[in-house]
Amino acid sequence: MKRILVTGGAGFIGSHLCERLLKEGNEVISLDNYFTGEKRNIVHLMKNPFFEVIRHDVTMPYFIEVDQIYNLACPASPIHYQYNPIKTVKTSVMGAINMLGLAKRIKATILQASTSEVYGDPKVHPQPESYWGNVNPIGSRACYDEGKRCAETLFINYHTQNNVKIKIVRIFNTYGPRMHPNDGRVVSNFIVQALKNKEITIFGDGKQTRSFQYIDDLIEGLVKAMNSKVELTGPINLGNPREFTILELAKKILKLTGSNSKLTFHPLPDDDPVQRKPDISLAIKELKWKPNIALEQGLIKTIEYFKKRVSI
Ligand code: NAD
Ligand code: UDP
């Protein structure tokens, strides 16, 4: 049994991770300030005596004795991370400094939830970990992208300078139950709109692409990355390489929900990446990991969740 801290533990990914780590027989502590996360995501875990819940902001130091730290705290959807961009930078950068300082002091292994956004609007396709990216440092996504890039820098430097055991994973678009219905991300938006027979809001012409990974595949990858050999620090991509246009996604969701919603077209947000698809050769080779859940299969489970969650 390990004692494991999950920052952002009440969020979409964090709550699934806490659940998985508890199932494996670990003692798990969720640390969250509930900016975008919700207690309802973890309430079912609270009866487990090996689960603890802490309300705390990662921009402030926190001291605890654990074996492993998963650092997930950070708003992840564009509308939420752009709501208070300075706070988003602080969360990524000061959160990383505080959690790395803790890991150094207690000799814990620490994993950083980085993102495909470090590749920005990529000029290399698909994106391997060796690609340095194409990020606008003063654009509307910069608070998130540059915050996450700086966090990666901090992780590498704590590792080389202070021997902290680190893992950096770059997560590509992930979806599934417990996404917030109003968080503005494309999968949750389209499903909620389709279930309510409201207009489906396509930004731009819908020809931009994303590669969607189901939450269970990601959780498996996160746990494998954390427990991989010490030398494997990453960065390492975790994503589903099957690429879809946003229009294709909308049509799939309409079909699976049997909705009458009409497609409507709206301006593309600034710096919205044109294409995104992970090169996962490194994860396949080093972690023996690859995603197994096809988009349609994952969407069916996600639609079931939103049917119960959203009053239609
Ligand atoms: P989420 O918004 O559901 O979860 C983030 C959690 O962090 C929330 O519970 C929120 O309350 C908490 N949080 C935010 N700021 C905090 C702070 N200052 N102190 C303490 N807690 C704070 O988003 P998610 O999709 O679960 O993302 C989790 C992590 O994975 C994030 O770091 C995100 O950048 C990364 N990621 C997610 C995706 C994706 O597709 N979901 C893709 C790439 C990277
Ligand atoms: N998008 C869209 N309609 C929506 C929400 C998003 O067309 O209602 C588009 C968005 O412009 C982007 C893609 O879907 O091109 C993925 O958006 P999301 O916010 O989910 O993730 P990210 O852009 O961070 O990859």
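Counting convention: from 1, in listed order, for ligands and their atoms alike. This is a predicted model, so every value here is computed, not measured.
Checked by distance only, ligand 1 and F35 come closer than 3.5 Å through their nitrogen or oxygen atoms. Taking any N or O of T174, backbone or side chain, at least one lies under 3.5 Å from an N or O belonging to ligand 1. At a 3.5 angstrom cut-off on N or O pairs, I13 counts as close to ligand 1. Taking any N or O of N173, backbone or side chain, none lies under 3.5 Å from an N or O belonging to ligand 1. Considering both main-chain and side-chain atoms, K87 never comes within under 3.5 Å of ligand 1 through any nitrogen or oxygen pair. Between L72 and ligand 1, at least one pair of N/O atoms sits closer than 3.5 Å. For the pair I171 and ligand 1, the shortest N or O to N or O distance does not fall below 3.5 Å.
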- Query: Can you check side chain to side chain contact (heavy atoms under 4.5 Å, CB included) on T59 and N33, steps first, answer last?
  - Reply: CA-CA 10 Å; T59 60; N33 71 349; over 6 Å; no
- Item | side chain to side chain contact (heavy atoms under 4.5 Å, CB included) evaluation trace for E231 with E286 | CA-CA 11 Å; E231 311 85 70; E286 295 292 345; over 6 Å; no
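The shortest heavy-atom distance from Y144 to ligand 1 is under 4.0 Å. The closest approach between any non-hydrogen atom of T7 and ligand 1 is not below 4.0 Å. Residue contact check for ligand 1: H56 places a non-hydrogen atom closer than 4.0 Å to it.
If you check which protein heavy atom lies closest to atom 13 (N) of ligand 1, you get N33 OD1, 3.4 Å. What sits closest to atom 2 (O) of ligand 1 on the protein, heavy atoms only, is T36 OG1, 2.6 Å. For atom 18 (N) of ligand 1, the closest non-hydrogen atom of the protein is D57 OD1, 3.0 Å. Annotation: atom 11 (O) of ligand 1 to nearest protein heavy atom, D32 OD1, 2.6 Å. Nearest protein heavy-atom contact of atom 3 (O) of ligand 1 is F12 N, 2.9 Å.
Salt bridge annotation for E304-K308: absent, with no cationic side-chain nitrogen under 4.0 angstrom from a carboxylate oxygen. A salt bridge links R170 to E152: one of the charged nitrogens lies within less than 4.0 Å of a carboxylate oxygen. Residues R276 and E117 are paired through a salt bridge, judged by an N-O separation under 4.0 Å between the basic side chain and the carboxylate. Ion pairing of D67 with K165 is absent here, as no side-chain N (NZ or NE/NH1/NH2) approaches a carboxylate O to less than 4.0 Å. Salt-bridge formation is detected for the pair K87/D57: a Lys NZ or Arg NE/NH1/NH2 atom is positioned less than 4.0 Å from an Asp or Glu carboxylate oxygen. A salt bridge links R309 with E38: the distance from a Lys NZ or Arg NE/NH1/NH2 to an Asp or Glu carboxylate oxygen falls below 4.0 Å. Taking the charged nitrogens against the carboxylate oxygens, E248 and K251 have no contact shorter than 4.0 Å, which rules out a salt bridge. For E19 and K23, the salt-bridge test passes: some basic side-chain N is under 4.0 Å from an acidic carboxylate O.
Rounding to the nearest 0.5 Å gives a distance of 8.5 Å between CG of D270 and CG of N136.
Of the options V58, L17, I54, V118, the smallest heavy-atom separation from atom 19 (N) of ligand 1 is shown by V58. Nearest-heavy-atom check against atom 5 (C) of ligand 1 across G8, C74, A76, S114 picks out C74. Closest heavy-atom approach to atom 39 (C) of ligand 1 within the set R178, E38, R185, H80: this belongs to R185.
For the residue pair E243 and H125, a side-chain donor N or O sits within less than 3.5 Å of a side-chain acceptor on the partner. A donor and an acceptor atom, one from each side chain of D32 and S30, are nowhere located under 3.5 Å apart. A side-chain donor from one of D183 and S188 sits under 3.5 Å from a side-chain acceptor of the other. When only modelled atom types and interatomic distance are considered, N240 and S211 share no side-chain donor-acceptor pair under 3.5 Å.
Listed by chain and residue number, the protein contacts of ligand 2 are P78, E117, R141, N173, G184, R185, V186, N189, F190, T201, I202, F203, Q208, R210, I246, P269, D272, R276 (heavy atom within 4.0 angstrom).
Counting heavy atoms under 4.0 Å from ligand 1, residue K148 touches it through the side chain alone. At a 4.0 Å heavy-atom cut-off, ligand 1 touches Y34 through the backbone alone. Residue contacts with ligand 1 for S116 are absent, since no atom lies close enough (heavy atoms, distance under 4.0 Å).
With ligand atoms numbered from 1 in the order given, ligand 1 contributes 3 (O), 4 (O), 8 (C), 9 (O) to contacts under 4.0 Å with heavy atoms of G11. Taking every heavy atom of A73 and a limit of under 4.0 angstrom, the matching atoms of ligand 1 come to 7 (O), 20 (C), 21 (N), 22 (C). Atoms of ligand 1 lying under 4.0 Å from any heavy atom of G37, numbered from 1 in the order shown and given with element: 8 (C), 9 (O), 10 (C), 11 (O).
Relative to the ring axis of F172, K277 does not place its NZ or CZ within 45° and under 6.0 Å from the centre.
In this pair, H56 and Y62 present their aromatic rings tilted. The plane angle is within the 30 to 60° band.
Remark: Y214 engages Y175 in a ring-ring contact (aromatic ring centres under 6.0 Å, His included) (not counting sequence neighbours).
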